[in-house]
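Data block below; observations after.
We're numbering straight along the sequence, starting at 1. Source: prediction; values computed, not measured.
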Amino acid sequence: MKEAKTRKRFFTKKKTMIAMVAFTIGNLFALSAATFAWFALSTQTASTIQTFSGDLDISIDKVTAYKYVYPYHRNSNEFIDYDGVGAVKSYVVQDTTTDVTGNLSDTVTIALSLGSSSTYATSPSDANIGPTKIHYETSQDFKYYLLGNGVFTGISDNPWSTLTATCFSRRDALTSDDPIVVSNVLVSTGAEFVLFDAYTINGANCNYYTYTSITPETNKVSRFSLVDSNRVKCLKSGLYNFIYRVESVNDEDHYYLDIELASRNDNAIIGTNLVDPTKISIDYRGSVDTQQYPTMDSYLSTAIQEQMTMVVLDVQLTYQNKNPIDAGLRVVRDAQSAQSIYGFSGKYNTTDSYTYQGYVDASHRNPLKASDFYAFYFVFAKDANAYASAADAWNAIHNLKTDYQVSSEYQYVKFKNDTSFDEAIPNEECVLHPKTNADTALIPASATNNVYHCYIGIEYDYEYMRFFTNENRLGKTYYLDRDFGFYFTATQHSEVSPSSSSSSGGE
C-alpha cells in the first residue's frame, strides 16, 4: 500500500495524504501567477509624422480569472468530490479602479466585538439575507466560517451563506492557547465578508460580530477596510491566511481576526487546476475506447479537457487611438534555456534524461518551467460583446481542446523549441480570434476610448503532457513555476509611407 497526494485546488488549506491500493496518483501543480507582472504594454506608430502624446495608448483596467472549482465532500474542507457538480468561479486579480496602492501592509489585525442576538436565515433565498442575516445550513458540521458576497465566493449563487463559505476545519471551541487558522484563501478585490461563529447559535437566534478597529503594520496601507462596522472589504486581491484568536485579559476575553498575506515563492494567486497523469494512464488502459483513441497520445487532449483544468484570464483593455490600430499580443518567457526540459534529448521516453524525482518537501521542490507544458488560445471582443458571465467565457474556450484545428491548422499556440529555445510565441503577433464578426483586431479611430476584452485560455498541452505519462514519472508530484507572460501591442495605421518608430508603456 502506498501513499499519494489527492488532487486539490492549489489554494486550499493543505495537501492531504491518503492511502491508495496498488497504484499512486501523481499530481501536477501549476503555480501560475495572474498579477500585473504577467502583462506588458507597447505602442507602435508606423508613420513618418510625429505621434503626439495621447494619440495612442493602451491601459489594462482589470484582470479577472475564471476557473472550474470542484466541490468538497459534505462536512469536509480537505477532500475534493471529483464526482460532484462544481461551478465556474470568478476571481478579480487586479482592478485599477478600486485597488489600493502604496506601501501595503502584509498583515492586519481586526478587533471583534460580539453583537446582539439576531435571527439567522433558514433559507439562502431569504430576501433579507446579508452580512447581518446570514444563511446557516444546519446540516453542516463546521463551527467557524468566512461568509461573503458574490465577489468573495466567486459565484452569484447563495451569497452570505455557509453553503458557499470558506470553512475553518476546527470543530472544537476556540481557546486562548489554540487559535484557529485557514490558509491560502484567494480573496478578490471588492470582496466583502464576515466571520461567523456557529457556537453563538441558540435556537433560532445567533450573535454577530461587529468590527471595531482594523490595524495594519506601522506606516503602511491596509489591504482591507471595514464597512459599516459589520463586514470586512478586500482592497487588494491575494492569497491570505486567516487567524481567529482570543486573548484573555483580567478574565475578560478579547477576540481578533488576523489576516496575513500568504508567502509563496512565485507570488502565485491563481492557476490551473491539477491534472493527474496517472489517472489518465489508468483511464486509458481501463475504460477508453481504443478504436476511437488507438494510442495514449491520441487520448491526451480529451483526457486533459475532462479534468477541467483550464484557467481563462479576462483582460479588460482600454485603447486610446486617434488613428486606426491593429491590436496585438505575444506570449513571452524568461530567457533561461538551461532550465527548460527542451534542452535535453529523449525528454518523453527515456528514463535517464531529466527524470525528476518530483516534489519532496518545501526545500526540495524540484520545479519545472510552466512554459514547457502549456498552450494558449485567445478571444478578442468589444466591451459591448463581452461574455455575459464567467461560465460563458470559460465554457466557450474550454470546449476547444488543445488539438483544435481549423482547415488543418492548430489554433492553440505554444512554445515550439525542440531544436532551439524560443523566448516568445509567435515571432509575429498571436491570432486574436474574434468573438463575433464585429470583433476584429483592427480597432477604428475614435475620439473616445475603445474598451475591449482579451480572453486568454491557458491549458496543459496535449503533446507536451507526454512527459508526465512516462511510467518512471507516474505517481510523483511536480510543481510548474510560472515563467511566462503576455505582451500587448498596438500598431498604428498611417496614410503616409511607413517608417517605424516605437515607444513602450509601463506595466
Side-chain angles (χ1 to χ4, degrees), residues 11 30 32-41 58-69 86-99 150-156 186-191 234 236-238 268-273 308-319 327-331 374-400 411-413 430-436 438-441 443 449-459 482 484-490 507:
F11 51 82
S32 298
T35 65
F36 272 168
W38 266 32
F39 301 102
L41 305 173
I58 320 171
S59 62
I60 296 175
D61 303 324
K62 188 175 182 179
V63 181
T64 311
Y66 309 134
K67 70 183 296 183
Y68 184 89
V69 178
V88 175
K89 291 193 174 185
S90 171
Y91 301 96
V92 179
V93 177
Q94 292 275 16
D95 189 340
T96 58
T97 64
T98 60
D99 278 1
V151 181
F152 179 78
T153 65
I155 54 176
S156 58
L186 182 55
V187 187
S188 297
T189 298
C234 179
K236 185 70 172 179
S237 299
I269 186 172
I270 194 72
T272 52
N273 282 336
M308 313 293 248
T309 53
M310 174 176 281
V311 160
V312 173
L313 299 181
D314 175 1
V315 185
Q316 182 178 310
L317 299 149
T318 293
Y319 295 88
L329 171 64
R330 300 176 72 193
V331 188
Y374 279 122
F376 310 90
Y377 187 87
F378 313 98
V379 174
F380 201 61
K382 297 177 182 177
D383 188 52
N385 297 333
Y387 288 106
S389 68
D392 288 346
W394 188 86
N395 285 323
I397 300 179
H398 176 258
N399 286 339
L400 306 176
Q411 300 300 295
Y412 278 79
V413 299
C430 295
V431 175
L432 301 178
H433 300 276
K435 180 178 179 291
T436 72
D439 294 319
T440 69
I443 301 177
N449 292 340
N450 285 304
V451 180
Y452 281 76
H453 290 256
C454 184
Y455 299 93
I456 304 173
I458 306 172
E459 182 63 288
R482 188 263 300 165
F484 59 84
F486 305 98
Y487 190 76
F488 290 96
T489 64
E507 293 181 10

Practice problem: Mind checking side-chain hydrogen bond (donor to acceptor under 3.5 Å, both in side chains) for N450 and listing every partner two or more places apart, or none if nothing turns up? | Solution: N321
Self-check item: Whether W394 side chain and K89 backbone form a donor-acceptor pair below 3.5 Å
Solution: no
Exercise. Measure across A441 and L432 and return the closest heavy-atom pair with its distance rounded to 0.1 Å.
Key: CB-CD1, 4.3 Å
Quiz item: When rounded to the nearest 0.5 angstrom, what distance separates CG in D95 from OG1 in T64?
Solution: 7.5 Å
Practice problem: Any chance you could measure Q411, atom CD, to Y377, atom OH, to the nearest 0.5 Å? | Solution: 6.0 Å
Quiz item: Does K435 count as lying over the ring of Y387, i.e. NZ or CZ under 6.0 Å from the six-ring centre, within 45 degrees of the axis?
Solution: yes
Exercise. Can you sort out the partners of H453 under side-chain hydrogen bond (donor to acceptor under 3.5 Å, both in side chains), two or more places apart, ordered by chain and number?
Key: D314, D383
Self-check item: Atom of A327, atom of Y319 and distance for their closest heavy-atom approach
Solution: CB-OH, 3.6 Å
Quiz item: If we only count heavy atoms from C-beta on, is the T272 to K67 side-chain gap below 4.5 Å?
Solution: no
Quiz item: Do side-chain atoms of D99 reach the backbone of T189 as a donor and acceptor pair under 3.5 angstrom?
Solution: no
Practice problem: Assess the side chains of S237 and Q94: does a donor N or O sit below 3.5 Å from an acceptor N or O? | Solution: no
Quiz item: Where the side chain of D439 meets the backbone of K382, is there a donor-acceptor pair that is under 3.5 Å apart?
Solution: yes
Practice problem: Please name all residues satisfying side-chain hydrogen bond (donor to acceptor under 3.5 Å, both in side chains) with S188, sequence neighbours left out, ordered by chain then number. | Solution: none
Quiz item: When F380 is tested against each of T440, N385, T436, I443 for side chain to side chain contact (heavy atoms under 4.5 Å, CB included), which residue passes?
Solution: I443
Quiz prompt | Shortest non-hydrogen separation from A490 to I58 and the atoms involved | solution = CB-CD1, 3.6 Å
Self-check item: Minimum-distance pair of heavy atoms, taken over all atoms of G190 and V151
Solution: C-CG1, 3.8 Å
Quiz item: Is the backbone of L400 close enough, under 3.5 Å, to the side chain of Y412 for a donor and an acceptor to pair up by distance?
Solution: yes
Quiz item: What is the distance from atom CZ of F376 to atom CG of L329, rounded to the nearest 0.5 Å?
Solution: 10.0 Å
Quiz item: Are F488 and V315 side-chain neighbours, meaning at least one heavy-atom pair lies under 4.5 Å?
Solution: yes
Exercise. List in chain and number order the residues that pass side chain to side chain contact (heavy atoms under 4.5 Å, CB included) with T318, two or more places apart in sequence or in another chain; answer none if no residue qualifies.
Key: S59, D61, N449, V451
Practice problem: Just jot down the side chain to side chain contact (heavy atoms under 4.5 Å, CB included) partners of A390, sequence neighbours excluded, or say none. | Solution: Y66, V88, S90
Quiz item: Below 4.5 Å, heavy atoms only, C-beta onward: do F378 and V331 meet side chain to side chain?
Solution: yes
Quiz item: Is the closest side-chain heavy-atom distance between F486 and I60 below 4.5 Å?
Solution: no
Quiz prompt | Side-chain heavy-atom pair Y455, L313 within 4.5 angstrom cut-off | solution = no
Quiz item: Who are the side-chain hydrogen bond (donor to acceptor under 3.5 Å, both in side chains) partners of D392, not counting sequence neighbours?
Solution: S389
Quiz item: Between OH of Y374 and CE of M310, what distance do you get to the nearest 0.5 Å?
Solution: 11.0 Å
